[in-house]
> 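Encoded as structure tokens, here's the structure I'll be asking about.
Whatever order the structure lists ligands and atoms in, that order sets their numbers, starting from 1.
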Amino acid sequence: MSPSTKRRQPPDERSRRARHEEMVVRARGDGTYEVESPSGGVYDVDLDAGECTCPDHRFRDARCKHLRRVAIEITLGEVPAPGERAATCASCGDDLFVERDITDPVYCEDCTLETGETVVDRETGKLVVVVESTEDRASDVRITGRGWSVADHHSNRDYDRDDRVVDVLYPLDRGVSPADISPRDLSRYAFPRGRLERPS
Ligand SMILES: [Zn+2]
Ligand SMILES: [Zn+2]
């Protein structure tokens, strides 16, 4: 019998239940999950260890429906993966997951400014070109040639001290394409992300 004519196996019962039963999954924030079964039972799932406190797992050593359900919800983006936490984008307010040890403020992929992008400096209304969106915090980055940090610079004091630093080339006259300008003609600055916005 060739593989194509082989009868498909009926879906495994645990897999079917993992997908279709009404279970409530909550991330505890320490990499483990609490799963509430339709029967009312509440079980602890440690996905990395492959363990669940339900009888099916403990007595039969099965990859129970709770373990499977947690894996499914992670894949669907419903709960954070182990090592991640839920967060809110500081720019658009969308929910996202980030590595657990990354503190706020955080930005979603859409709100992370891209290299070469032209954005507006909210303090001056001028256009600047993004060189790099960094992971550094404004309070940790010292301004070249000055004795203070990006956060302590007088024009940055209205922004979050822990905001991400974005390196930009500044300023650019409106109507000028960044492609027509030599980077050497421009000054490089480090700004808090919140100081920059996309042109409307
Ligand atoms: Zn279980
Ligand atoms: Zn966002």
Side-chain angles (χ1 to χ4, degrees), residues 11-82 84-100 102-122 128 130 132-138 158-168 191-200:
D12 159 10
E13 182 61 13
R14 283 191 185 91
S15 162
R16 195 190 64 74
R17 288 185 174 179
R19 277 173 199 286
H20 301 295
E21 276 186 14
E22 262 185 52
M23 287 185 258
V24 181
V25 177
R26 283 181 218 95
R28 283 233 177 69
D30 60 359
T32 68
Y33 302 82
E34 186 182 274
V35 180
E36 205 180 309
S37 244
S39 60
V42 178
Y43 304 108
D44 297 328
V45 167
D46 184 333
L47 195 66
D48 283 343
E51 282 174 3
C52 180
T53 53
C54 76
D56 194 29
H57 180 77
R58 283 190 301 144
F59 302 132
R60 284 194 287 274
D61 201 27
R63 188 162 158 77
C64 62
K65 61 185 180 184
H66 314 105
L67 271 162
R68 293 169 192 226
R69 179 61 165 258
V70 169
I72 290 167
E73 296 218 358
I74 289 169
T75 306
L76 293 176
E78 302 287 343
V79 292
E84 291 183 341
R85 69 176 180 92
T88 303
C89 173
S91 183
C92 70
D94 274 4
D95 296 327
L96 67 151
F97 300 133
V98 295
E99 282 173 44
R100 207 162 60 218
I102 293 179
T103 54
D104 285 334
V106 293
Y107 294 91
C108 73
E109 213 171 302
D110 283 349
C111 294
T112 300
L113 302 176
E114 286 173 37
T115 299
E117 192 175 344
T118 304
V119 293
V120 179
D121 172 13
R122 295 169 66 191
V128 300
V130 175
E132 189 186 2
S133 283
T134 76
E135 302 281 298
D136 302 330
R137 306 291 180 173
D158 290 342
Y159 303 97
D160 193 323
R161 291 186 56 76
D162 292 324
D163 210 350
R164 304 285 171 169
V165 169
V166 180
D167 289 332
V168 300
F191 285 161
R193 168 63 182 85
R195 184 172 161 165
L196 303 167
E197 62 187 0
R198 290 197 165 110
S200 46

> With a sphere of 6.0 Å drawn around CD of Glu21, does it hold more than 12 non-hydrogen atoms of other residues, nucleotides or ligands?
yes
> Sub-3.5 Å donor-acceptor pair from the side chain of Arg193 to the main-chain atoms of Val165, do we have one?
no
> Is the count of non-hydrogen atoms from other residues, nucleotides or ligands lying under 6.0 Å from Arg19 atom CZ greater than 12?
no
> How many degrees, to 10°, between Cys52 SG and Cys54 SG as seen from the Zn ion (ligand 1)?
110°
> For the pair Arg122 (side chain) and Gly194 (backbone), establish whether a donor and an acceptor sit closer than 3.5 Å, ignoring hydrogens and angles.
yes
> If the Zn ion (ligand 2) is the vertex, what is the angle to SG of Cys89 and SG of Cys92, rounded to 10 degrees?
110°
> Tell me the angle that SG of Cys111 and SG of Cys108 form around the Zn ion (ligand 2), rounded to 10°.
100°
> Counting distance only, does the side-chain N/O of Arg85 pair as donor-acceptor with the main-chain N or O of Ile102 below 3.5 Å?
yes
> Is there an N/O/S atom in His57 that lies less than 2.8 Å from the Zn ion (ligand 1)?
no
> Nearest N/O/S atom of His66 with respect to the Zn ion (ligand 1), by atom name, please.
ND1
